[in-house]
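Data first, discussion second: the structure below is written as structure tokens.
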Amino acid sequence: MTEWLGLPPLATAHGGQIDNLIGWIHIFMLILFVGWGGFFLYAIVRFRQSRNPVADYKGVTSNRSTYSEIAVAVVEGILLVGFAVPLWATRVNALPPESEALVVQVTGEQFAWNVHYAGADRVFGRTDIKLIDLQSNPLGLDRSDPAAKDDVTTVNQLHLPVNRPIIVRLRSKDVIHSFGVPEFRVKQDAIPGLTIPIWFIPTITTTDMRTRTGNPEFQYEIACAQLCGLGHARMRGIVTVESAEEFQKWMEEALAEQAGAAADPFR
Ligand SMILES: [Cu+2]
């Protein structure tokens with residue numbers, strides 16, 4: 001219904017509502033544009049100098065312009081209070097229970113996305129600023145903490161299972177970044193000192209999207225949507241949406257690889 005907007009293909013459960021709102025705003029703005037544009041042309045012709053050599057000091061006496069201003073304000077109020085605010089409220093208040101969702105921590109830094117999964121125990125391992133090593137441990141994860149044993153961390157690789165609620169806990173190590181995935185209709189600033197949850201349900205796997213778009217190289221991409229420094233343009237993360245089984249397999253492989261690296265740091 002909203003294809004005429006030319007937005008990127010949609011790949012989350014809530015995105016249709018956002019597209020509808022964007023569509024209605026466009027329609028309303030088009031009506032306003034035609035209305036004001038028409039009035040402007042009318043005024044140029046109607047009040048041309050040759051017809052009105054002397055200024056009329058009385059001016060407009062009818063109330064029509066006041067009424068049309070009020071009508072525009074009412075429609076804008078309805079768009080805001082009736083559509084935009086309730087939609088926003090479900091995004092920020094109605095978070096799914098963590099027992100049903102996959103919770104993943106995503107921490108922005110100049111210029112990368114650090115991804116942290118809690119693993120099977122669903123508890124995020126302890127992190128410590130003293131343990132941060134930009135190459136080997138950018139999150140400062142304490143591997144000696146029992147809760148950290150099954151944690152998986154990646155850089156710029158966010159794997160997500162399809163059709164399951166995802167809660168991303170968004171953080172930043174340095175400046176303001178913004179987690180934007182256009183196909184998910186998700187965009188949220190990452191602000192130093194705050195942990196901001198965002199949630200969505202991905203509905204189309206990367207493989208399916210490649211078939212649908214006819215682009216064999218299609219990737220969902222986290223694009224940093226706030227100018228955050230010189231490397232801003234290369235701050236791109238890859239999001240892989242896959243089946244629950246594929247996701248599980250990937251987690252196990254990543255865990256095995258990390259266990260190997262921890263046992264032999266000079267490997
Ligand atoms: Cu950034």
Side-chain angles (χ1 to χ4, degrees), residues 6-12 14-15 18-19 22 87-88 91-92 95 101-118 124-142 148 151-161 165-202 204 206 209 213 215 217-242 247 250-251 254 258:
L7 293 167
L10 177 64
T12 46
H14 75 278
I18 292 186
D19 288 6
I22 295 175
L87 186 53
W88 179 241
R91 303 319 308 151
V92 296
L95 259 71
L102 172 76
V103 183
V104 49
Q105 262 177 191
V106 175
T107 308
E109 72 171 62
Q110 288 172 318
F111 298 97
W113 296 103
N114 295 291
V115 179
H116 185 180
Y117 295 91
F124 287 94
R126 198 179 76 86
T127 53
D128 188 335
I129 198 163
K130 291 194 206 82
L131 296 170
I132 288 182
D133 178 297
L134 285 183
Q135 291 308 314
S136 62
N137 192 1
L139 287 167
L141 182 64
D142 181 0
D151 287 19
V152 168
T153 62
T154 76
V155 179
N156 292 331
Q157 291 295 335
L158 178 61
H159 281 243
L160 300 174
I166 310 293
I167 299 177
V168 172
R169 285 196 199 148
L170 197 57
R171 314 191 305 168
S172 170
K173 273 163 72 172
D174 36 41
V175 299
I176 298 176
H177 301 278
S178 183
F179 178 92
V181 185
E183 292 83 1
F184 291 177
R185 306 294 191 265
V186 159
K187 188 177 281 171
Q188 170 64 53
D189 279 8
I191 298 173
L194 293 182
T195 300
I196 304 175
I198 41 176
W199 76 281
F200 49 86
I201 304 173
I204 302 171
T206 299
M209 201 50 127
T213 56
N215 173 8
E217 271 147 42
F218 176 87
Q219 296 272 28
Y220 294 113
E221 210 173 81
I222 313 170
C224 183
Q226 287 285 12
L227 189 54
C228 59
L230 276 179
H232 166 69
R234 64 181 156 82
M235 190 167 165
R236 298 151 75 204
I238 302 298
V239 187
T240 307
V241 180
E242 55 204 350
F247 173 73
W250 173 80
M251 279 285 274
Q258 279 172 23

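Quick caveat, the model's predicted, so the values are computed rather than measured. The analysis underlying the following values was restricted to heavy atoms, covering all of them including side chains, and did not include hydrogens, waters or symmetry mates. For ligands, and for the atoms within them, numbers begin at 1 and follow the listed sequence.
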Donor-acceptor pair, Asn114 side chain versus Leu139 backbone, under 3.5 Å? no
Give, for atom [atom1] of [X] and atom [atom2] of [Y], the distance between the pair rounded to the nearest 0.5 Å.
{"X": "Cys228", "Y": "Asp189", "atom1": "SG", "atom2": "CG", "result": "11.0 Å"}
{"X": "Leu141", "Y": "Gln258", "atom1": "CG", "atom2": "CD", "result": "8.5 Å"}
{"X": "Leu158", "Y": "Trp113", "atom1": "CG", "atom2": "CH2", "result": "10.5 Å"}

My understanding is that only residues two or more places apart in sequence, or in another chain, count here; which of them pass ring pair (Phe, Tyr, Trp, His ring centres under 6.0 Å) with Tyr220? Phe184, Phe218
More than 12 heavy atoms of other groups within 6.0 Å of Leu134 CG: no
Residue-atom pairs from the protein, N, O or S only, that lie under 2.8 Å from the Cu ion (ligand 1): His177 ND1, Cys224 SG, Cys228 SG, Met235 SD
